[in-house]
Number of protein chains: 2
Amino acid sequence: MYQYEYPHFAIATDVALFTLLGDELKLLLIRRRGAPFKGSWALPGGFLRTDDATLEECAARELSEEAGVSGFFLEQLYTFGDQGRDPRERVISVAYYALVPGEGLTLTARTDADAAAWFPADALPELAFDHAQIIQLARQRLASKLDYSTVAFQFLPDEFALSDLQRVYEAVKGEQLDKRNFRKFILGLGLVEPTGNERRGGPSRPAKLYRAKTGHRLEYFR
Amino acid sequence: MYQYEYPHFAIATDVALFTLLGDELKLLLIRRRGAPFKGSWALPGGFLRTDDATLEECAARELSEEAGVSGFFLEQLYTFGDQGRDPRERVISVAYYALVPGEGLTLTARTDADAAAWFPADALPELAFDHAQIIQLARQRLASKLDYSTVAFQFLPDEFALSDLQRVYEAVKGEQLDKRNFRKFILGLGLVEPTGNERRGGPSRPAKLYRAKTGHRLEYFR
DNA sequence: GCAAAAGTGTTGCCGATACACCCATGG
DNA sequence: CCATGGGTGTATCGGCAACACTTTTGC
């Protein structure tokens, strides 16, 4: 038994995980099985354990445990610690946002798969706790990071067509972009290179495929 | 005595408080009176208490208690929670940065004033914990926020000359700016208005004074 | 041959930069 | 009258937005 000089609190991480399915930005939600907010939709997340070496590790663990997802990009967003944001006791929540390529999602591999689902980011249900606020902040951050970093690549597999990348920008920003200007912009950054492969099979001209020069590391430009 | 389902942790806030003194960006440091890192310089900060309604309130309280400062702008920066960042026990630290006008600093009003001191932001001593990392992050954030927000006003009193504002930009970014272009930039934003007053008394032409149109609320442009 | 998506250049405009001199005051 | 900082305009350049047609494939 320990005696502490200062009060201690529960720490949690909550993660807003986005992906692109078709032309639409999607967000992963979990249906809560316990109180409080039992039956409500909420962000995946959970309490920090002593064997989580870092907060990020905690967030990643919850994402794979609760949602059966892996291979995501993860970045800290903001920390919420107001009194009363959790009705049980004071919980300090470190919010993250995460991105996965739309391809190869392993949601179905989970035992209780129906408890997790992708929602259109523009049509979310009522959410538990202050999760609506977290999501709003995550979307803002995401949209502004498109303008000065390579976050967009995190939505795509290693090989992608420029039109795939454009679909990411359009879905996240919620506006149409001019194809020629977009290509000039991306190629002008000098951060992608052709792989030499093409994507065939569609009823149209094959698309040249590219990869991020830096692998999938986040780069800042501007 | 309570039994918790999950482990609980100490939460702290640490604050990087900047001001402009003369032409130089300064950072406030506190000399630690207790273990660990006794005698080292550190950021002002301390543990979250149950009567702090918000994390921000905790940060503000510590700033006024430890440093005797008030009237600052305060914004959350990042949360550090790795194992081992505090040798005593695991401490989750929510880092903030804060800005005060160089005028009217009340540091001297403190009882143990010699325990707190302003250091040139470019010449800091060895620091306790991971505080050097926090400060580096704060400076980056600050410098980039100059480009798309009105944070700079937070370094200035209500009335200021355009050259004061320019000194802020130069100190934070660490580079000289062209006076004419700078004024065009600021006036072009349309976020300041002349107060009608002048600052006389120097051995030079009096400077017209301005105020932020929005009061001291943070605005985003671009 | 037709539907569907890929690919490709030029022009105009606006915002950012570079640059040097006169002005008003206090001492 | 001199030292100090305040105040002002123009020309150039480069990046960004607007804009439409041809190409390659699968069926």
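Every chain is numbered from 1, with letters handed out A, B, ... down the list of sequences.
Scored by the side chain to side chain donor-acceptor pair (under 3.5 Å) test, Arg200(B) finds Glu198(B) as partners (sequence neighbours excluded). In this structure, the ring pair (Phe, Tyr, Trp, His ring centres under 6.0 Å) partners of Phe80(B), at least two apart in sequence or on a different chain, are Tyr78(B). Listed by chain and number, the residues in a ring pair (Phe, Tyr, Trp, His ring centres under 6.0 Å) with Phe73(A) amount to none (sequence neighbours excluded).
Counting to the nearest Å, the C1' atom of dA6(C) and the CZ atom of Phe182(A) are 14 Å from each other. Separating the CG atom of Leu209(B) from the P atom of dG6(D) is a distance of 11 Å, rounded to the nearest angstrom. The CG atom of Leu177(A) sits 14 Å away from the P atom of dC16(D) (whole-angstrom rounding). With rounding to whole Å, Arg183(A) atom CZ is found 18 Å from dC16(D) atom C1'. At whole-Å resolution of the value, CZ in Phe221(B) and P in dG15(C) are 14 Å apart. In this structure, Phe185(A) places its CZ atom 8 Å from P of dC16(D), rounding to the nearest Å. Distance CD1 (Ile186(A)) to P (dC16(D)): 12 Å, rounded to an integer number of Å.
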- Reading nucleotides 19-27 of chain C from 5' to 3' and marking B where a protein heavy atom lies under 4.0 Å of the base, S where only the sugar-phosphate is that close, and - otherwise, the string is BB--BBBS-
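At distances below 3.5 Å, not a single donor-acceptor pair connects side-chain atoms of Arg32(B) with backbone N or O atoms of Gly39(B).
Remark: Ser163(A) in residues 141-170 of chain A come within less than 4.0 Å of DNA chain C through at least one heavy atom.
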- Task: Please step through salt bridge (charged side-chain N to carboxylate O under 4.0 Å, His left out) for the pair Arg139(B) and Asp122(B), ending with a clear verdict.
- Result: CA-CA 10 Å; Arg139(B) 288 200 63 179; Asp122(B) 289 318; 2.7 Å; yes
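Ring geometry for Tyr148(B) versus Tyr220(B): interplanar angle under 30°, hence parallel rather than tilted (30 to 60°).
Shown are Ile134(B), Leu74(B), Val94(B), Leu77(B); of these, the side-chain contact (heavy atoms from CB on, under 4.5 Å) with Val15(B) is made only by Leu74(B).
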Show which side-chain atoms of residues 23-30 of chain A pair as donor or acceptor with protein atoms under 3.5 Å away, not counting sequence neighbours.
| residue | atom | partner | partner atom | Å |
| --- | --- | --- | --- | --- |
| Asp23(A) | OD1 | Arg167(A) | NE | 3.0 |
| Glu24(A) | OE1 | Lys26(A) | NZ | 3.0 |

